[in-house]
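The structure under discussion appears below in the form of structure tokens.
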Amino acid sequence: MTPRPFFLIIVLICAGLLGYGYYLQFVEGLDPCPLCVFQRIAFMAVMAVAFIGLLHGPRRIGAMIYSGLASLSALIGAGIAGRQVWLQHLPPDQVPECGPGLDFMLEVFPLTEAISMVFSGSGECAEVDWTFLSFSIAEWSLAWFIALALAGMIFIIRLYRRREQS
């Protein structure tokens with residue numbers, strides 16, 4: 001597969017996932033917790049890198065760089081989603097208490113402290129309001145982040161092998 005179709009597929013997947021997230025928020029009324037917001041940002045980062053790669057249409061080295069950046073963004077997203085999955089599987093008595101909303105934290109605290117507070121987790125991040133095939137949104141996000149990271153890494157390996165054969 002050449003770089004442009006690969007990046008187009010990544011952009012479409014991320015756009016679909018983000019679109020469904022916004023559907024759940026604005027149509028179904030499921031407000032995202034702070035960790036969900038950061039997962040959205042990670043999907044946007046993957047999509048932005050892939051979109052730039054799609055527009056640029058790079059050759060092998062450029063495609064490897066874009067794929068690497070998209071994979072890195074996906075791995076960061078997987079870490080965020082993994083943290084939320086962990087919070088969701090804590091025993092009820094070990095779940096942290098609900099903290100202030102993300103908007104409040106960003107307005108009142110310095111950015112680094114607000115981010116630290118988000119990653120320490122809160123009770124709202126441990127709630128499971130929606131499932132599909134018995135998996136929560138965070139679990140589905142984790143699966144998609146891993147799939148996107150693996151796709152990017154596999155694409156890099158294929159490009160590298162193609163270079164060796166030339």
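We're numbering straight along the sequence, starting at 1.
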From I41 CD1 over to I80 CD1, what is the distance, rounded to the nearest 0.5 angstrom?
-> 8.0 Å

What pairs with S71 under side chain to side chain contact (heavy atoms under 4.5 Å, CB included), at least two apart in sequence or on another chain?
-> M153

Smallest separation among heavy atoms of A149 and A74, with atom names | N-CB, 3.7 Å

Here the pair of heavy atoms bringing F132 nearest to W140 is O-NE1, 2.9 Å

Sequence-distant partners of L72, side chain to side chain contact (heavy atoms under 4.5 Å, CB included), two or more places apart = I76

Point-to-point distance, once rounded to the nearest 0.5 Å, from OG1 of T2 to CG of L8 | 10.0 Å

Applying side chain to side chain contact (heavy atoms under 4.5 Å, CB included), name anything that partners S73, two or more places apart in sequence or on another chain.
-> A45, V46

Output for pair (E139 CD, I137 CD1), nearest 0.5 Å, gives 10.5 Å

Taking the side chain from R83 and the backbone from A78, do they hold a donor-acceptor pair closer than 3.5 Å?
-> no

Output for pair (F43 CZ, I10 CD1), nearest 0.5 Å, gives 11.0 Å

Listed by chain and number, what are the ring pair (Phe, Tyr, Trp, His ring centres under 6.0 Å) partners of H89, not counting sequence neighbours?
-> none

List in chain and number order the residues that pass ring pair (Phe, Tyr, Trp, His ring centres under 6.0 Å) with F51, two or more places apart in sequence or in another chain; answer none if no residue qualifies.
-> none

With S67, which residues qualify under side-chain hydrogen bond (donor to acceptor under 3.5 Å, both in side chains), at least two apart?
-> none

Could you work out the complete set of other residues in the hydrophobic cluster of L142, with links drawn between I, L, V, M, F, W and Y side chains under 4.5 Å apart?
-> V85, I146, L150

Report the residues that fulfil side chain to side chain contact (heavy atoms under 4.5 Å, CB included) with I13, sequence neighbours left out, ordered by chain and then residue number.
-> I9, L17, W144, L148

Please round to the nearest 0.5 Å and tell me the distance separating atom CG of L12 and atom CG of L54.
-> 8.5 Å

Output side-chain donor-acceptor pairs under 3.5 Å for residues 18-26, partner residues at least two apart or in another chain, one line each.
| from | atom 1 | to | atom 2 | distance (Å) |
| --- | --- | --- | --- | --- |
| Y23 | OH | E28 | OE2 | 2.6 |
| Q25 | OE1 | R40 | NH1 | 2.6 |
| Q25 | OE1 | R40 | NH2 | 3.3 |

Verify same cluster id: I154, F145 (apolar side-chain graph, 4.5 Å) = no

Smallest separation among heavy atoms of A63 and L159, with atom names = CB-CD1, 3.6 Å

Nearest heavy atoms of A138 and Q39, plus distance in Å = CA-OE1, 4.3 Å

Mind checking the CZ-CG spacing from R4 to L55? Nearest 0.5 Å is all I need.
-> 7.5 Å

Note, Y66 side chain near P58 side chain (heavy atom, < 4.5 Å) | yes

Q84 side chain reached by S136 side chain, heavy atoms, under 4.5 Å = no

In one Ile/Leu/Val/Met/Phe/Trp/Tyr side-chain cluster, 4.5 Å: I157, L75 = no

